[in-house]
2 protein chains.
Amino acid sequence: MSIISDSAPLSDLSVVKSVSLTSALEKELERLILTGELEPGVRINEIHLSNRFGTSRGPIREATRSLEAKGLVEVVRNRGVFVRRLSVEDAVEIYDVRAALFGQAGRLLAERMTDGLLAELTRMVDEMDAVAERGSFDEYYPLNLGFHNLIVSSCGNRTLLAEYHRFVNKLHLFRARALVQGGGLAVSNREHRAMLEALASGDGDRAQMTHWRHVALAKRRLIAAVDGHARND
Amino acid sequence: MSIISDSAPLSDLSVVKSVSLTSALEKELERLILTGELEPGVRINEIHLSNRFGTSRGPIREATRSLEAKGLVEVVRNRGVFVRRLSVEDAVEIYDVRAALFGQAGRLLAERMTDGLLAELTRMVDEMDAVAERGSFDEYYPLNLGFHNLIVSSCGNRTLLAEYHRFVNKLHLFRARALVQGGGLAVSNREHRAMLEALASGDGDRAQMTHWRHVALAKRRLIAAVDGHARND
DNA sequence: GTAATGAAAACTGTCAACAGATAGGCGCCA
DNA sequence: TGGCGCCTATCTGTTGACAGTTTTCATTAC
């Protein structure tokens, strides 16, 4: 259950012998993939990596097998491992799964809501409104990410949290990822307010619905953006 | 994206060189774990396994790292890999995730329902009713499994399908698994009928709700069974 | 100029061996 | 007799090497 979101600056792997070389390598490879330093589609050369990290190929192979199970890379026999490339269809499928998980998180959170958390979430949405008015996407994006993370982190289900993060991370493998990020800052934040109200009411059904719909609408925006982009090609 | 459900009788690993030794070992280990031949909590000895399968330890280590990422085993540094043991809390968390995924599958299926599929699903529910009346759990269980699988398999989202199977499989690691299987055959099948009606109506919201609730109620039955069992101890 | 061919280079799959860590048993001592 | 520490057996972590496959590239024929 590795929740991969903090890309801690542990580039020097030599220090972390305490947590096994394989898992350190796995984290580092995951970081390289998610930051885009290893682009979707490229092959991962075991020998190059073993030279780069000063290890033998064994631990690297173990790490890549782990990443394969997580869906970040693809292993082709006798040809090597490739950073997974997500098609539009893959991305759309992931949005459905993410919507389901996020809706469930909303439901669970509504049933265990605290005043402090509600205040914090409200503050975040207010801040996003301010930023959205300026149209500053660079500021909006991390706030938005933090808002969603706080909801899922606070829902009380660690399994759900891990899965949610896994799929959000996986979306980084979608080449046209930039498409979905733009557009509709204010619109998106209106949906956030609806979620807030549902959470405050303590109504699980309603919270699940608003949270589900938020991701479903994001999916619709993605599809529209992809279609528009394709038409412009 | 390995959908693991068919435990094909490929006990002889020597034949399947075409799909790589590691993945064949992984499938076999997964089978041993899910069937309970390797019980939750036991340690997996690399040397014994390599002798048993006639390979070296390398491929076995790769296979176990993959299983670790899937959540079936736990790796402790310098001590080995252990078949994962699920607590009641873990099982309950998984039910929440499963409910979310199954609800989403219901929604997707409602929006792409065909007459043929509806007829097949109806036939299955009728058969379950007949079996439930006889109180034959051994006959009910596989029918029930097939009913759920058909719904998720037909929803058109392969990512969702793979995830759903992963979590259903994971529940095999729950030691008190027998607790949830018993009780409420007729009750459960009444919920199936509600799901059928929602699917037939083509109403996505309603289908999601009925499918979600079906798993949520199963979760509640599990909790009740566990509580009752604990009180009897 | 292009396509087919064959050899060599590069890379992955697998294995066997060594180094370090852990666990269990034995003897020593209070 | 019970507890402590040492020692050995067992097992995992990692490495380097060999075998087989894929890819690359130069050569040759058309």
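Every chain is numbered from 1 and lettered A, B, ... according to where its sequence line falls, protein lines coming before strand lines. Since the structure is predicted, the reported quantities are computational estimates derived from the model, not experimental observations.
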To the nearest angstrom, how far is [X] atom [atom1] from [N] atom [atom2]?
X	N	atom1	atom2	result
Glu26(B)	dG13(C)	CD	C1'	16 Å
Leu49(B)	dT10(D)	CG	P	18 Å
Arg57(B)	dG13(D)	CZ	C1'	7 Å
Leu21(A)	dG20(C)	CG	P	15 Å
Phe82(A)	dT22(D)	CZ	P	12 Å
Glu62(B)	dT12(D)	CD	C1'	16 Å
Asn51(A)	dA10(C)	CG	P	13 Å

* Asked: Where the side chain of Thr55(A) is defined as all heavy atoms beyond and including C-beta, which of dT14(C), dT14(D), dT15(D) is the nearest nucleotide?
  -> dT15(D)
* Structure fact -> Under a 4.0 Å heavy-atom cutoff, the residues of residues 37-48 of chain B touching DNA chain C are none
* To do: Using a cut-off of strictly less than 4.0 Å, decide whether Arg61(B) has a side-chain nitrogen or oxygen near OP1 or OP2 of dG13(D).
  => yes
* Asked: Using a cut-off of less than 4.0 Å, is there contact between a side-chain N or O of Arg65(A) and OP1 or OP2 of dT12(C)?
  -> no
* When the ring planes of His214(A) and His148(A) are compared, do they come out parallel, tilted or perpendicular, using 30° and 60° as the limits? -> parallel
* Ignoring hydrogens and angles, tell me if any N or O in the side chain of Thr35(A) forms a donor-acceptor pair with the backbone of Leu32(A) under 3.5 Å. => yes
Contacts of type salt bridge (Lys or Arg N to Asp or Glu O under 4.0 Å), residue [X], not counting sequence neighbours:
X	result
Arg112(B)	none
Glu39(A)	none
Glu74(A)	none
Glu93(B)	none

* To do: Classify the nucleic acid contact of Gly80(A) as base, sugar-phosphate or nothing, counting any heavy atom under 4.0 Å across all strands shown.
  => sugar-phosphate
For nucleotides 21-24 of chain C, list the nitrogen or oxygen atoms of the protein found under 3.5 Å from its nitrogen or oxygen atoms, one pair per line.
unit_1, atom_1, unit_2, atom_2, d
dA21(C), O3', Asn78(B), ND2, 3.3
dA23(C), OP1, Arg79(B), NE, 2.8

* Counterpart residues, ring-ring contact (aromatic ring centres under 6.0 Å, His included), relative to Phe147(A) (two or more places apart) -> His192(A)
* Asked: What residues, two or more places apart in sequence or in another chain, satisfy side chain to side chain contact (heavy atoms under 4.5 Å, CB included) together with Ser56(A)?
  -> Pro59(A)
* Asked: Which residue pairs pass the salt bridge (charged side-chain N to carboxylate O under 4.0 Å, His left out) test with at least one member in residues 136-148 of chain B, sequence neighbours excluded?
  -> Arg134(B)-Glu139(B)
